[in-house]
Amino acid sequence: MFELKYHTPAQWTDAVLADFDTFLQDHAGAEKKASGMALSMLSHYPDKRKLVKAMTDLALEEMIHFKQVVKLLSERDVNLGDDKKDPYVNQLRGMFRHGKDVFMMDRLLVAAVIEARGHERFALIAEALPPGKDKEFYVAIAKSEEKHKNLFVELAYEYFDKDEVDARLAQVIEREAQICASLPFRAALH
C-alpha cells in the first residue's frame with residue numbers, strides 16, 4: 001500500500017542482537033502501548049462503527065502479542081521492565097494537527113507508519129535470528145504488523161478523501177524518515 005523512505009541499516013539489528021533481553025522488554029512495552037492506543041481510538045470515535053470493530057480486534061491482538069513477549073521474557077528469567085517514553089513515537093505525534101477530522105486522520109496515518117516501521121524491523125530481527133521458535137515468532141509478528149499498517153490506511157480511506165489521505169501520508173512518511181535518521185541505534189524497536 002505504501003513504502004517507507006528510510007531503510008533501517010544493519011547497525012540497528014546488531015544493536016538489538018547485542019542486547020536482546022532489553023529489546024524484548026521494549027517490544028513488550030510497545031505491544032502494550034499499541035493495545036492502549038487502539039482502545040483510545042475506539043473510545044474517541046464511538047460513532048465510527050468500522051473503526052470501533054477494527055480497534056477492538058486490534059487491541060485484543062496486541063495484548064496477545066504482549067502476552068507472548070512476556071512469555072519470552074519469563075523464559076529468559078528477565079523482568080518486564082518499566083515503560084519508557086519513545087522519542088520516535090513522541091516526535092511523530094508532534095505532527096498531529098488540531099481539529100477533529102484532521103486529528104483523526106493524522107492519528108490513523110501516524111499509526112500506519114508506526115506499524116510499517118514495526119513490520120520492517122521485526123522482519124529484520126526474524127531474518128537475523130537463528131532457526132527456532134524466536135525466529136518463527138518474529139516472522140509472524142512482522143506479518144501482523146504489515147496487516148495493521150494496511151488496516152490504518154484503509155480506515156483513513158473509509159472516513160476521508162483518498163487524495164487528502166495520500167497527500168498527508170506522504171508528509172508523515174517524509175517526517176518519519178527524518179526522525180529515524182536522527183535517532184541513535186539501540187536495543188529498542190524505535
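All heavy atoms count here, side chains included; hydrogens, waters and symmetry mates do not.
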Problem - Verify same cluster id: Ile114, Phe185 (apolar side-chain graph, 4.5 Å) - result: no
* Asked: Are Leu58 and Met105 co-members of a hydrophobic cluster defined by side-chain heavy atoms under 4.5 Å apart?
  -> yes
Sub-3.5 Å donor-acceptor pair from the side chain of Lys149 to the main-chain atoms of Glu115, do we have one? no
*Going through the distances and angles, do Glu75 and Lys133 end up as a salt bridge (charged side-chain N to carboxylate O under 4.0 Å, His left out)?*
CA-CA 12 Å; Glu75 290 170 356; Lys133 69 177 182 151; 2.5 Å; yes
> Okay, side chain of Glu120, backbone of Thr8: is any donor-acceptor separation there less than 3.5 Å?
Replying inline: yes
- Task: Decide yes or no for Val165 and Leu109: does some side-chain heavy atom of the first lie under 4.5 Å from some side-chain heavy atom of the second?
- Result: yes
- Does any N or O in the side chain of His119 come within less than 3.5 Å of the main-chain N or O of Ala142, such that one atom is a donor and the other an acceptor? yes
Heavy-atom nearest pair, Ala128 first then Leu17, reads CB-CD1, 3.6 Å
Q.
I'd like to know if the side chain of Ser35 and the backbone of Lys32 have a donor-acceptor N/O pair within less than 3.5 Å.
A. no
Closest non-hydrogen atoms of His7 and Leu4, given as atom of the first, atom of the second and distance, are CE1-O, 3.8 Å
Here the gap from Asp26 atom CG to Asp19 atom CG, rounded to the nearest 0.5 Å, amounts to 10.5 Å
* Measure the shortest side-chain to side-chain distance between Ser144 and Glu61 over non-hydrogen atoms and say whether it is less than 4.5 angstrom. => yes
When rounded to the nearest 0.5 Å, the distance separating CG of Leu189 from CZ of Arg121 is 7.0 Å
Using atom types as modelled and distance alone, determine if a side-chain donor or acceptor of Ser74 lies under 3.5 Å from a backbone N or O of Val70. no
(request) Go through the steps to decide whether Leu169 and Val113 satisfy the test side-chain contact (heavy atoms from CB on, under 4.5 Å), and finish with yes or no. (result) CA-CA 8 Å; Leu169 180 57; Val113 170; 3.9 Å; yes
(message) I'd like to know if Leu60 and Met37 are part of one continuous hydrophobic network [Ile/Leu/Val/Met/Phe/Trp/Tyr, side-chain heavy atoms within less than 4.5 Å].
(response) no
message = Does any part of the side chain of Phe66, heavy atoms only, come nearer than 4.5 Å to the side chain of Leu80, both counted from C-beta?
response = yes
Residues Lys33 and Lys84: closest non-hydrogen pair is NZ-O, 2.5 Å
Counting only heavy atoms not in Arg49 (residues, nucleotides, ligands), do more than 12 fall under 6.0 Å from its CZ?
no
Rounding to 0.5 Å, atoms CG (Leu39) and CE (Met63) come to a distance of 9.0 Å
His27-Phe122 aromatic ring centre distance below 6.0 Å: yes
Checklist entry - Looking at side-chain heavy atoms only, is the closest gap between Glu146 and Lys143 below 4.5 Å? => result no
Residues Ala38 and Met55: closest non-hydrogen pair is O-CB, 3.4 Å
For the residue pair Arg107 / Ser40, report whether a side-chain donor-acceptor contact shorter than 3.5 Å exists.
yes
- [ ] Keeping the roles fixed (side chain from Gln25, backbone from Asn79), state whether a donor-acceptor pair exists under 3.5 Å.
- [x] yes
Notebook entry, point to check: Does the side chain of Asp106 come within less than 4.5 Å of Met95's, by heavy atoms?
Noted result: no
Q.
Quick one: does any side-chain atom of Lys5 pair with a main-chain N or O of Glu174 as donor and acceptor, under 3.5 Å?
A. no
For Gln68 and Glu31, run side-chain contact (heavy atoms from CB on, under 4.5 Å): C-alpha distance rounded to whole Å, both residues' side-chain angles, the deciding distance at 0.1 Å, then the answer. CA-CA 10 Å; Gln68 292 170 319; Glu31 296 292 355; over 6 Å; no
Between Val102 and His98, the two heavy atoms sitting closest are CG2-O, 3.1 Å
Notebook entry, point to check: Should Tyr159 and Val52 be counted in the same cluster of Ile, Leu, Val, Met, Phe, Trp and Tyr side chains packed under 4.5 Å apart?
Noted result: yes
Is the shortest heavy-atom distance from the side chain of Leu51 to the side chain of Met41 under 4.5 Å?
-> yes
Do Arg168 and Asp163 pass the side-chain contact (heavy atoms from CB on, under 4.5 Å) test, and can you show the C-alpha distance, the side-chain angles, and the key distance before you say yes or no?
-> CA-CA 9 Å; Arg168 184 60 174 164; Asp163 290 339; over 6 Å; no
Classify the ring geometry of Tyr138 against Phe20: parallel below 30°, tilted from 30° to 60°, perpendicular beyond 60°.
perpendicular
Here the pair of heavy atoms bringing Ala112 nearest to Phe2 is O-CZ, 3.7 Å
Just wondering, are more than 12 heavy atoms of other shown residues or ligands nearer than 6.0 Å to CZ in Arg97?
-> yes
Query raised in the report: Hey, mind stepping through Asp134 and Arg76 against salt bridge (charged side-chain N to carboxylate O under 4.0 Å, His left out) and telling me if it holds?
Result: CA-CA 12 Å; Asp134 289 354; Arg76 293 168 168 270; 3.5 Å; yes
ask   = Aromatic rings Phe96 and Phe103: how do their planes relate, parallel, tilted or perpendicular, breaks at 30° and 60°?
value = perpendicular
Legend entry - Test item: Leu108 and Val153 side chains (from C-beta on) under 4.5 Å apart, heavy atoms: no
Check your understanding: If Ile, Leu, Val, Met, Phe, Trp and Tyr residues are connected whenever their side-chain heavy atoms lie under 4.5 Å apart, and connections chain through other members, are Val139 and Ile125 in the same group?
Key -> no
Rounded to the nearest 0.5 angstrom, the CD-CD1 distance for Glu176 and Ile173 is 8.0 Å
Only residue of Tyr88, Trp12, Phe23 satisfying ring pair (Phe, Tyr, Trp, His ring centres under 6.0 Å) with His190 is Tyr88
Distance col, row Ile179:CD1 vs Arg117:CZ, nearest 0.5 angstrom, shows 10.5 Å
Quick one, Lys48 with Glu158, criterion side-chain contact (heavy atoms from CB on, under 4.5 Å). Give me CA distance, side-chain angles, the key distance, then yes/no. CA-CA 10 Å; Lys48 311 284 190 217; Glu158 176 73 22; over 6 Å; no
CG (Leu129) and OG1 (Thr13) are apart, to the nearest 0.5 Å, by 9.5 Å
Min side-chain heavy-atom separation Val110-Val89 under 4.5 Å:
no
